[in-house]
K.L.:
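Structure provided below as structure tokens; questions to follow.
The sequence lines fix the lettering, A, B, ..., with proteins before strands; numbering per chain opens at 1.
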Amino acid sequence: MAEYNPSVIEPKWQRFWEENDLNQTEEDRQKKYYVLEMFPYPSGRLHMGHMRVYSIGDVLARFLRMRGFSVLHPMGWDAFGLPAENAAIKNQVHPAAWTYANIEAMKKQQKALGISYDWQREVATCDPDYYKWTQWLFLLLYKRGLAYKKQAGVNWCPNCSTVLANEQVEDGGCWRCGTEVTHKDLEQWFFRITDYTERLLEDLKLLSGWPERVRMMQENWIGKSEGAEVRFKVKGREDEISVFTTRPDTLYGVTYLVLAAEHSLVEALTAGSERQAEVQAFVENTKKLNDIARASTEMVKEGVFTGAYCLNPVNGEEVPILVGNYVLMGYGTGAVMGVPAHDQRDFEFAKKYQLPLRVVITPEDQELSAADLKEAYVDAGVLINSAQFNGKTSEAAQKKIAAYLAANNWGEAKVTYRLRDWLISRQRYWGAPIPVLYCEHCGTVPVPEEQLPVLLPEDVVFKAGGQSPLAEHEGFLHATCPQCGGQARRETDTMDTFIDSSWYYFRYTDAQNENLPFAKGQGDAWVPVDQYIGGIEHAILHLLYSRFITKVFHDAGYTAAVEPFTRLLAQGMVNKDGAKMSKSKGNVVSPDEIIEKYGADTGRLFILFAAPPEKDVDWSDRGVEGSYRFLKRVWRLVDRYADVLQQPVEQQVAADDADQALRRAMHTALKKVTEDIEERFNFNTAISSIMEAVNSAYSYMHEKEDHIHHGMMREVLEILVVMLAPFAPHLGEELWERLGHQTSVHLQSWPTVDSTALQVAEVEIVVQVNGKVRDHLVVPTGLTREALQELALASAKVAQLAADKQVVKVIAVPDKLVNIVVR
RNA sequence: GCCGGAGUGGCGGAACAGGCAGACGCAAGGGACUUAAAAUCCCUCGGUCCAAAAGACCGUACCGGUUCGAUUCCGGUCUCCGGCACCA
């Protein structure tokens with residue numbers, strides 16, 4: 001036969017799979033498995049990161065089908081979003097045209113990679129058939145009180161001309177373009193994700209199949225902290241100031257209060273007083289600073305006295321109220337109590353403004369005095385100067401004081417979270433319109449379900465900057481109120497694209513359903529996703545939103561699942577020369593060029609072999625050569641014997657030692673590959689054990705030439721080809737055919753390990769003296785400890801080393817080692 | 001600062017339950033085939049000492065502990081990566 005030529009065999013088998021519908025989901029098997037790779041944004045070109053994530057998913061999908069599972073392995077497009085709109089502005093193409101052209105191009109590349117997707121379930125979030133249900137989802141949340149509109153200070157990206165959710169601001173910049181985010185006060189739609197905070201936190205415990213770091217990232221993001229809220233009465237006024245503290249045990253040590261510049265009471269407290277001008281100037285200066293500067297620990301803490309005092313509820317003390325630049329309105333209550341003796345920040349602030357210190361917590365074996373403190377004592381301890389709580393430990397006092405506050409209506413135990421509601425309005429065209437109308441008489445009216453989808457008008461004008469084209473489209477803007485029939489104005493904002501992607505894995509289970517987003521039976525048959533695979537950049541954003549939406553579906557009775565993704569694999573990045581591939585660095589290698597030069601099978605094999613899936617890999621052109629070399633080696637091996645195996649065998653002879661050794665090598669590899677894929681996702685070591693088996697086959701080939709044991713060789717080569725098929729699906733088909741089979745290798749059952757083939761008559765054991773390896777012995781398998789000891793002690797090496805010493809102890813591990821302890 | 005993860009040859013990595021550290025691959029060196037090259041096949045390949053072999057010693061970031069035995073378990077230190085952070 002000819003040389004291995006992937007450019008011929010790969011298209012051949014891709015056509016074969018398509019013509020025979022080989023990748024369609026087989027729904028009727030006993031066990032199901034839903035393997036899902038995060039769907040891509042249709043940028044137009046696949047990059048190496050895509051190739052990696054699809055290769056991982058495809059090995060798993062193909063392997064599990066062979067293992068007898070019904071496997072759902074779908075693909076789709078996260079197709080709404082800004083790049084399409086920017087392309088429209090730049091090149092005067094409609095976002096839809098641009099997007100669908102990109103989808104076609106990328107789908108072609110995915111097919112060229114030989115990924116086994118069930119294309120009948122393909123979804124694109126920009127299809128009206130899909131976004132109709134995204135709008136339906138909005139209405140579901142609206143009905144359940146989970147979608148609401150409010151005036152709020154929001155993040156604004158001036159470059160993208162739209163608002164952003166908190167999760168979409170990274171280091172003060174826009175997640176998409178990096179432009180520094182500014183603040184705007186706008187009326188916007190929010191999803192009440194904070195109703196689910198505790199469940200989102202608590203259910204992280206269910207996700208033992210997720211990487212620890214991703215769970216930690218979500219936990220940090222949710223940011224639970226437990227403490228108490230305390231209400232301080234303002235002296236001479238009716239107002240109260242609430243503060244949140246995690247240390248209610250230090251309440252008797254409060255010597256001042258600090259308000260955020262944006263706090264609603266600042267103006268009232270200073271109005272008409274002689275301090276008004278000074279405070280106003282301070283507030284304005286503070287507000288001018290951007291978020292990054294304000295949040296920086298480098299910033300100098302500054303404050304100004306308001307002239308007002310409030311009363312500490314527990315002891316009636318008057319404490320001054322200040323405004324400070326380090327107190328944030330967005331966390332807690334926007335006001336903090338100052339306990340300089342027991343908080344380092346407060347300590348520094350108090351020293352600067354000569355505010356008094358009072359020690360209320362001491363370590364058990366030491367006395368502290370306010371005058372001697374060089375820094376705050378922040379650890380737990382025993383209470384002093386705290387009335388009836390003196391002598392209690394911090395831990396006990398936290399509970400007692402919270403109860404005492406509650407009993408007197410001065411405050412209560414409280415839990416605060418960092419997580420904020422999800423801002424979902426976007427002032428852009430290329431997204432799902434928010435299905436809401438504003439009627440002159442009826443106010444805010446949701447679009448009735450039967451009127452969905454609210455279609456995006458096609459005849460819009462795209463231009464840089466300014467507002468969304470929808471807001472300028474007269475035909476879209478004006479509508480009839482479904483309640484009173486009067487004039488109504490449409491909401492012109494579209495939904496955050498993260499809503500589209502927060503439920504797509506449900507849609508795959510019933511992608512063609514015209515009456516529902518998905519039938520409950522179909523959803524429950526597949527969701528939760530058994531294995532989800534994607535980049536770590538979604539650790540918070542997409543994964544948190546999806547968890548939230550799944551819980552909403554669950555509460556509304558649409559799914560039995562409480563979590564969407566049972567197991568998560570956060571695959572590492574593909575770098576080159578130690579840096580992320582990028583055009584500007586000129587270190588980009590595209591899947592296309594690899595397919596063209598070596599074939600998809602080589603590319604897939606290399607990217608899986610180079611590193612474990614969760615680690616970053618450094619792309620190596622030499623390494624790819626190595627993988628290509630290996631596939632050619634397999635090709636030649638099968639080619640060498642395929643014809644020989646077709647010839648009739650006159651009389652089958654018994655297998656000799658060499659035959660059995662090869663059979664053992666192949667079954668050993670099979671066992672390892674099975675475990676590596678199934679239990680550990682160690683594709684790299686799975687591939688290396690296939691390589692070892694092939695090396696053994698080459699040794700055998702050199703020894704035996706044509707004098708092979710036919711039955712054994714057929715078995716060995718078939719196991720090899722089937723084992724390789726999930727990794728190199730085209731080569732697998734071609735070699736399977738070459739071995740005389742008519743059906744697809746991917747329809748084969750995964751071979752079973754023959755444990756008798758693994759048995760060996762003799763093993764090499766290690767003989768150690770005082771833990772150091774001194775000798776090796778070949779002994780029959782299964783020798784008892786006693787027999788091993790005897791053999792080891794009889795070894796000449798041992799005799800020599802132990803000559804003038806006394807044997808203290810002998811440890812024997814059957815089939816492994818003997819350790820002789822001498823003195 | 002708090003939380004999490006990781007440190008193994010020239011390189012990517014392996015050692016799955018505490019039992020021969022470095023599987024497999026890349027790179028490097030040598031050999032076979034060839035007029036030659038490519039392709040292919042075979043061999044060597046952690047360090048030091050030794051001409052070499054045999055052998056000895058050292059070696060999994062560092063220091064210590066547990067153990068007959070530690071890359072693996074425990075305590076401490078350092079470095080790198082990631083998340084959160086004037087978070088009250």
K.L.:
State whether the distance check finds a donor on one side and an acceptor on the other, under 3.5 Å, for side chain A/Lys809 versus base B/C68.
P.N.:
no
K.L.:
Please tell me which of the listed nucleotides, B/C68, B/C57, B/G19, lies nearest to the side chain of A/Lys816?
P.N.:
B/G19
K.L.:
Compute both the distance and the angle, then confirm whether A/Arg345 meets the cation-pi test with A/Tyr326: under 6.0 Å from the six-membered ring centre, within 45 degrees of the axis.
P.N.:
no
K.L.:
Between B/C84, B/C57, B/A88, which nucleotide has the shortest distance from any of its atoms to the side chain of A/Ser225?
P.N.:
B/A88
K.L.:
When you measure from the side-chain N and O atoms of A/Arg640 to the phosphate of B/U40, is any distance below 4.0 Å, counting only OP1 and OP2?
P.N.:
no
K.L.:
Over all strands shown, is A/Tyr698 touching base, sugar-phosphate only, or nothing at heavy-atom distances under 4.0 angstrom?
P.N.:
sugar-phosphate
K.L.:
Heavy-atom nearest nucleotide on RNA chain B for A/Arg213 versus A/Ser699: which residue maps closer to 5'?
P.N.:
A/Arg213
K.L.:
For B/U48, what is the paired nucleotide under Watson-Crick or G-U wobble rules, both distances under 3.5 Å?
P.N.:
B/A56
K.L.:
Would the base of B/C84 count as contacting A/Asn220 through its side chain, where contact means a donor and an acceptor less than 3.5 Å apart?
P.N.:
no
K.L.:
Choose from B/C20, B/G13, B/G4 the nucleotide whose nearest atom is closest to any side-chain atom of A/Lys615.
P.N.:
B/G13
K.L.:
What nucleic acid atoms does A/His702 come within less than 4.0 Å of, heavy atoms only: base, sugar-phosphate, or nothing?
P.N.:
sugar-phosphate
K.L.:
Can you tell me if A/His342 uses its side chain to pair, donor with acceptor, with the backbone of A/Val360 under 3.5 Å?
P.N.:
yes
K.L.:
Looking across every strand, which nucleic acid part, if any, lies under 4.0 Å from A/Arg823 by heavy atom: base, sugar-phosphate, or nothing?
P.N.:
nothing
K.L.:
Looking at A/Thr194, is its backbone amide N or carbonyl O close enough to the side chain of A/Asp421 to form a donor-acceptor pair, meaning the two atoms are under 3.5 Å apart?
P.N.:
yes
K.L.:
Where the side chain of A/Met217 is defined as all heavy atoms beyond and including C-beta, which of B/G13, B/C68, B/G82 is the nearest nucleotide?
P.N.:
B/G82
K.L.:
Please report the distance separating the P of B/C42 from the corresponding atom of B/C50, rounded so that it comes out in whole Å.
P.N.:
35 Å
K.L.:
Taking B/C45 as the reference, what is the distance to B/A52 when you measure between their P atoms (whole Å, please)?
P.N.:
15 Å
K.L.:
Tell me: CG of A/Leu605 to C1' of B/G12, nearest whole Å?
P.N.:
14 Å
K.L.:
What is the distance, to the nearest angstrom, from the CG atom on A/Asp616 to the P atom on B/G7?
P.N.:
14 Å
K.L.:
In whole Å, what is the span from the CG atom of A/Leu201 to the P atom of B/C3?
P.N.:
16 Å
K.L.:
Syn or anti for B/G9, please, going by whether the chi angle lies within 90° of 0.
P.N.:
syn
K.L.:
Please report the distance separating the P of B/G46 from the corresponding atom of B/A32, rounded so that it comes out in whole Å.
P.N.:
24 Å
K.L.:
Side chain of A/Arg418, base of B/C87: donor and acceptor closer than 3.5 Å?
P.N.:
no
K.L.:
Determine the contact category for A/Gln218: base if any of its heavy atoms lies under 4.0 Å from a base atom, sugar-phosphate if only primed atoms, P, OP1 or OP2 are that close, otherwise nothing.
P.N.:
nothing
K.L.:
Between A/Tyr4 and A/Thr602, is any side-chain donor less than 3.5 angstrom from a side-chain acceptor?
P.N.:
no
K.L.:
CG of A/Asn575 versus C1' of B/G13: gap in Å, rounded?
P.N.:
16 Å
K.L.:
Give a yes or no on whether the backbone of A/Val822 and the side-chain of A/Asn770 come within a donor-acceptor separation of less than 3.5 Å.
P.N.:
yes
K.L.:
My understanding is that a pair needs two contacts under 3.5 Å, Watson-Crick or G-U wobble. By that rule, which nucleotide pairs with B/C84?
P.N.:
B/G1
K.L.:
Could you check if a side-chain atom of A/Gln168 sits within less than 4.5 angstrom of a side-chain atom of A/Asn155, using non-hydrogen atoms only?
P.N.:
no
K.L.:
Could you check which of B/C86, B/A88, B/G19 has an atom nearest any side-chain atom of A/Val813?
P.N.:
B/G19
K.L.:
Need the pair for B/G69. Rule: Watson-Crick or G-U wobble, both distances under 3.5 Å, any strand; none if unpaired.
P.N.:
none
K.L.:
Would you check if there is a donor-acceptor pair between the side chains of A/Asn220 and A/Arg418 at a distance under 3.5 Å?
P.N.:
no
K.L.:
What contact category does A/Lys671 fall into here, base, sugar-phosphate, or nothing, at under 4.0 angstrom with non-hydrogen atoms?
P.N.:
nothing
K.L.:
Using the C1' atom as the point on both nucleotides, what is the distance between B/C57 and B/G1, in whole Å?
P.N.:
46 Å
K.L.:
For B/A27, which nucleotide is its Watson-Crick or G-U wobble mate, given both distances must be under 3.5 Å?
P.N.:
none
K.L.:
To the nearest Å, give me how far apart NZ (A/Lys301) and P (B/A88) are.
P.N.:
14 Å
K.L.:
Which listed nucleotide (B/C41, B/C16, B/C87) is nearest to the side chain of A/Arg636?
P.N.:
B/C41
K.L.:
Between B/U66 and B/G75, how far apart are the two C1' atoms, rounded to whole Å?
P.N.:
11 Å
K.L.:
How far, in whole Å, is B/C63 from B/A70 if one measures between their P atoms?
P.N.:
15 Å
K.L.:
For A/Asn682 and A/Thr685, indicate whether the former's side chain and the latter's backbone hold a donor-acceptor pair under 3.5 Å.
P.N.:
no
K.L.:
Once each nucleotide of nucleotides 21-26 of chain B is scored for protein heavy atoms under 4.0 Å, what B/S/- sequence comes out, 5' to 3'?
P.N.:
--BBSS
K.L.:
From CH2 of A/Trp221 over to C1' of B/C84, roughly how many Å is that when rounded to an integer?
P.N.:
9 Å
K.L.:
Measure the shortest side-chain to side-chain distance between A/Arg636 and A/Tyr698 over non-hydrogen atoms and say whether it is less than 4.5 angstrom.
P.N.:
yes
K.L.:
For the C1' atoms, the ones on B/C49 and on B/U34, what distance do you get once it is rounded to whole angstrom?
P.N.:
42 Å
K.L.:
Compare the minimum distances between each of B/G19, B/C20, B/A85 and the side chain of A/Ile811, then state the nucleotide with the smallest one.
P.N.:
B/G19
K.L.:
Does a side-chain heavy-atom distance below 4.5 Å link A/Gln218 with A/Arg547?
P.N.:
yes
K.L.:
Closest approach to the side chain of A/Val327, judged atom by atom: which nucleotide of B/A88, B/C86, B/C58 is it?
P.N.:
B/A88
K.L.:
With RNA chain B as reference, determine whether A/Leu817 or A/Gly330 sits nearer its 5' end, using the nearest nucleotide of each.
P.N.:
A/Leu817
K.L.:
Rounding to the closest angstrom, what is the interatomic distance between B/U67 and B/G10 at atom P?
P.N.:
34 Å
K.L.:
Grab the CD-P distance between A/Glu614 and B/G5 for me, whole Å please.
P.N.:
14 Å
K.L.:
What's A/Pro211 touching, base or sugar-phosphate or nothing? Going by heavy atoms closer than 4.0 Å.
P.N.:
nothing
K.L.:
Strictly by Watson-Crick or wobble contacts shorter than 3.5 Å, is anything paired with B/A36, and which nucleotide is it?
P.N.:
none
K.L.:
With a 3.5 angstrom cut-off on both distances, give the Watson-Crick or G-U wobble partner of B/A21, or none if there isn't one.
P.N.:
none
K.L.:
Could you grab the distance from atom CZ of A/Phe282 to atom CD of A/Glu302, nearest 0.5 Å is fine?
P.N.:
6.0 Å
K.L.:
Whether the side chain of A/Arg231 engages the backbone of A/Pro313 through a donor-acceptor N/O pair (distance < 3.5 Å, no angle test) should be reported.
P.N.:
no
K.L.:
Within this structure, what is the CH2-to-C1' distance between A/Trp619 and B/A27, rounded to whole angstrom?
P.N.:
18 Å
K.L.:
My understanding is that a pair needs two contacts under 3.5 Å, Watson-Crick or G-U wobble. By that rule, which nucleotide pairs with B/U77?
P.N.:
B/A61
